[in-house]
Amino acid sequence: MEFSVKILGNSGALPAFGRHPTAQVVNHDDRLFLVDCGEGTQMRCDDFKVKKGRIHHIFISHLHGDHFFGLLGLITSYQLLQRVHPLHIYGPPKLWDIIDLQLSPWGIPPCYELVFHPTQADAPMLLYEDALLTVETIPLNHKIACTGFLFKEKPKERNMRKDQIEKYGIHFTDIPAIKKGGDFKTSDGRIIPNRELTLDPMPPRSYAFCSDTAYNEAMVEQLKGVNLLYHEATFTQEFEERAKKTFHSTAQQAALMAQKVQAQRLLLGHFSAKYPVLDPILKEAKVVFERSSLALEGEVFGVE
Ligand SMILES: [Zn+2]
Ligand SMILES: [Zn+2]
């Protein structure tokens with residue numbers, strides 16, 4: 001089952017050196033979730049062949065412009081494209097006032113339903129749930145209220161062993177209960193324990209999106225064992241003071257966080273306009289956490 005992240009924009013507050021403001025598309029089982037929507041996101045969708053019409057949920061981390069100035073353009077395009085599906089937007093409460101103000105000159109509501117879900121940045125909060133996946137907020141430490149988003153697969157059912165179905169003559173109506181962990185009773189009354197009938201499922205996978213934030217110990221517990229951690233790395237250690245003042249992180253701090261939460265892999269992003277090339281950022285992170293990568297635009301990273 002696909003679980004991946006496509007990077008549409010990886011720049012910090014100022015777009016620079018061909019880099020664009022933050023936006024990502026999370027694909028889980030062919031369902032698309034947009035995470036942040038910096039200026040020009042809809043054009044980036046076209047550049048990287050993301051089908052905009054398949055996005056039904058948009059998550060906005062905070063109200064600095066580099067994370068949501070693309071939202072109104074996208075909302076307007078959906079109107080022109082005669083969108084039918086409801087669009088769910090998750091973000092700080094004031095985001096709705098901004099959307100409402102900008103849509104008010106139309107005089108008519110959009111042709112599709114806009115559903116707004118306000119987020120709070122003080123404690124983790126469940127935002128979305130379906131049969132396979134949950135999305136919750138991650139409270140971050142930024143200059144204004146800001147949340148990351150944690151995409152977590154639900155535990156999967158156990159895998160039925162085909163050879164045992166034949167061996168014990170198991171009827172297909174008994175299989176759902178066995179996949180949920182139940183034992184099986186044969187026609188002559190023997191109990192066959194579940195461990196003989198099934199194999200362990202793949203462990204559930206998770207993706208954490210953390211932008212923008214200063215180094216934030218408070219989120220360690222929530223992110224323990226995350227498969228893929230996206231963490232902003234606006235600066236290198238050379239600008240540690242600047243990072244502190246602006247509530248951003250250095251590459252070293254992002255790598256420390258990946259180490260602390262025992263992530264499988266770290267993705268670095270939200271690069272400052274100070275860096276024409278990004279090698280120093282990657283190099284600094286790798287000293288602390290070897291499995292680090294730059295979140296380069298257009299690239300797709302599997303959650304594994
Ligand atoms: Zn930012
Ligand atoms: Zn910010």
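Values below: all heavy atoms of this structure, side chains included; hydrogens, waters and symmetry mates excluded. None of these values were measured; they are calculated from a predicted model.
Side chain of N194 to main chain of I178: a donor-acceptor pair is present (N/O by atom type, distance under 3.5 Å, no hydrogens or angles). Judged by distance alone, the side chain of T234 and the main-chain N or O of H270 form a donor-acceptor pair under 3.5 Å. A donor-acceptor contact shorter than 3.5 Å is absent between the side chain of E240 and the backbone of T250. Distance alone, capped at 3.5 Å, is enough to place a donor-acceptor pair between the R44 side chain and the L8 backbone. No donor-acceptor pair under 3.5 Å is formed between the side chain of Y230 and the backbone N or O of Q24. Formation of a donor-acceptor pair under 3.5 Å by the H20 side chain with backbone atoms of G18 is found in this model. At least one donor-acceptor pair closer than 3.5 Å links the side chain of D36 to the backbone N or O of S61. The backbone N or O of P139 lies less than 3.5 Å from a partner atom in the side chain of N216, making a donor-acceptor pair. Of the possible donor and acceptor atoms, none in the side chain of R242 sits under 3.5 Å from a partner among the backbone N and O of K245. A donor-acceptor pair under 3.5 Å is formed between the side chain of H171 and the backbone N or O of T173.
A cation-pi arrangement is found for K274 relative to F239, the charged atom lying closer than 6.0 Å to the ring centre and inside a 45° cone about the ring normal.
Under the 4.0 Å criterion applied to side-chain N and carboxylate O atoms, K185 and D174 are not assigned as salt-bridge partners. A salt bridge does not link R19 to E297: none of the charged nitrogens lies less than 4.0 Å from a carboxylate oxygen. A salt bridge links E129 and K154; the closest N-O separation between the charged side-chain nitrogens and carboxylate oxygens is under 4.0 Å. Using a 4.0 Å cut-off between charged side-chain N and carboxylate O, E136 and K152 make a salt bridge.
Annotation: M202, atom CE; neighbour count of heavy atoms from other residues, nucleotides and ligands within 6.0 Å does not exceed 12. Within 6.0 Å of atom CD in E39, 12 or fewer heavy atoms from other residues, nucleotides or ligands are found, so the atom counts as exposed in its surroundings. By the neighbour-count criterion of 12 heavy atoms within 6.0 Å, atom CD of E157 is densely surrounded, having more than that number from other residues, nucleotides or ligands. Under a cut-off of 6.0 angstrom, the local environment of NZ in K156 is crowded, with over 12 non-hydrogen atoms contributed by other residues, nucleotides or ligands. At most 12 non-hydrogen atoms from other residues, nucleotides or ligands lie less than 6.0 angstrom from CZ of R195. Open room surrounds NE2 on H85; 12 or fewer heavy atoms of other groups in view lie less than 6.0 Å from it. Counting non-hydrogen atoms of other residues, nucleotides and ligands closer than 6.0 Å to NZ of K286 gives a total above 12. More than 12 heavy atoms of other residues, nucleotides or ligands sit less than 6.0 Å from atom NZ of K52.
Annotation: side chain of Q42 is not in contact with side chain of D46 (no heavy-atom distance under 4.5 Å). Taking the side chain as every heavy atom from C-beta outward, S11 and D66 never approach each other to under 4.5 Å. Annotation: side chain of K260 is in contact with side chain of E217 (closest heavy-atom distance under 4.5 Å). Looking at heavy atoms from C-beta onward, Y90 lies out of side-chain contact with L95 at the 4.5 angstrom threshold. Between K6 and V50, the closest side-chain pair of non-hydrogen atoms falls below 4.5 Å.
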Exercise. I would like to know whether L282 and S292 meet side chain to side chain contact (heavy atoms under 4.5 Å, CB included); could you show each step before the answer?
Key: CA-CA 7 Å; L282 183 60; S292 300; 4.2 Å; yes
Exercise. Verify ring-ring contact (aromatic ring centres under 6.0 Å, His included) between H142 and F247, making sure each step is shown before the conclusion.
Key: CA-CA 5 Å; H142 196 38; F247 291 81; 7.0 Å; no
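The same ILVMFWY cluster, assembled from side-chain heavy atoms under 4.5 Å apart, contains both I138 and L266. Residues V303 and L294 are members of separate hydrophobic clusters, defined by side-chain heavy-atom contacts under 4.5 angstrom among Ile, Leu, Val, Met, Phe, Trp and Tyr. With hydrophobic clusters built from ILVMFWY side chains whose heavy atoms lie under 4.5 angstrom apart, V25 does not share a cluster with V300. Tracing side-chain contacts under 4.5 Å through hydrophobic residues (I, L, V, M, F, W, Y), one never reaches L267 starting from L223; they form parts of separate clusters. The hydrophobic clustering, which links ILVMFWY residues whose side-chain heavy atoms are closer than 4.5 Å, places I7 and I281 apart.
If you run side chain to side chain donor-acceptor pair (under 3.5 Å) between R205 and each of E153, Q264, E304, only E153 comes through.
Taking the six-membered ring for Trp and the full ring otherwise, F151 and F33 have centroids separated by under 6.0 Å.
The aromatic rings of H57 and H88 lie parallel to each other, with less than 30° between the two planes, well short of the 60° mark.
Looking only at atom types and distance, the side chain of R158 has a donor-acceptor partner in the side chain of T198 under 3.5 Å away.
Separation of atoms CG (N10) and CG (L268) is listed at 10.5 Å; rounding is to 0.5 Å.
Residues that satisfy the ring pair (Phe, Tyr, Trp, His ring centres under 6.0 Å) test with F149, not counting sequence neighbours, are F59.
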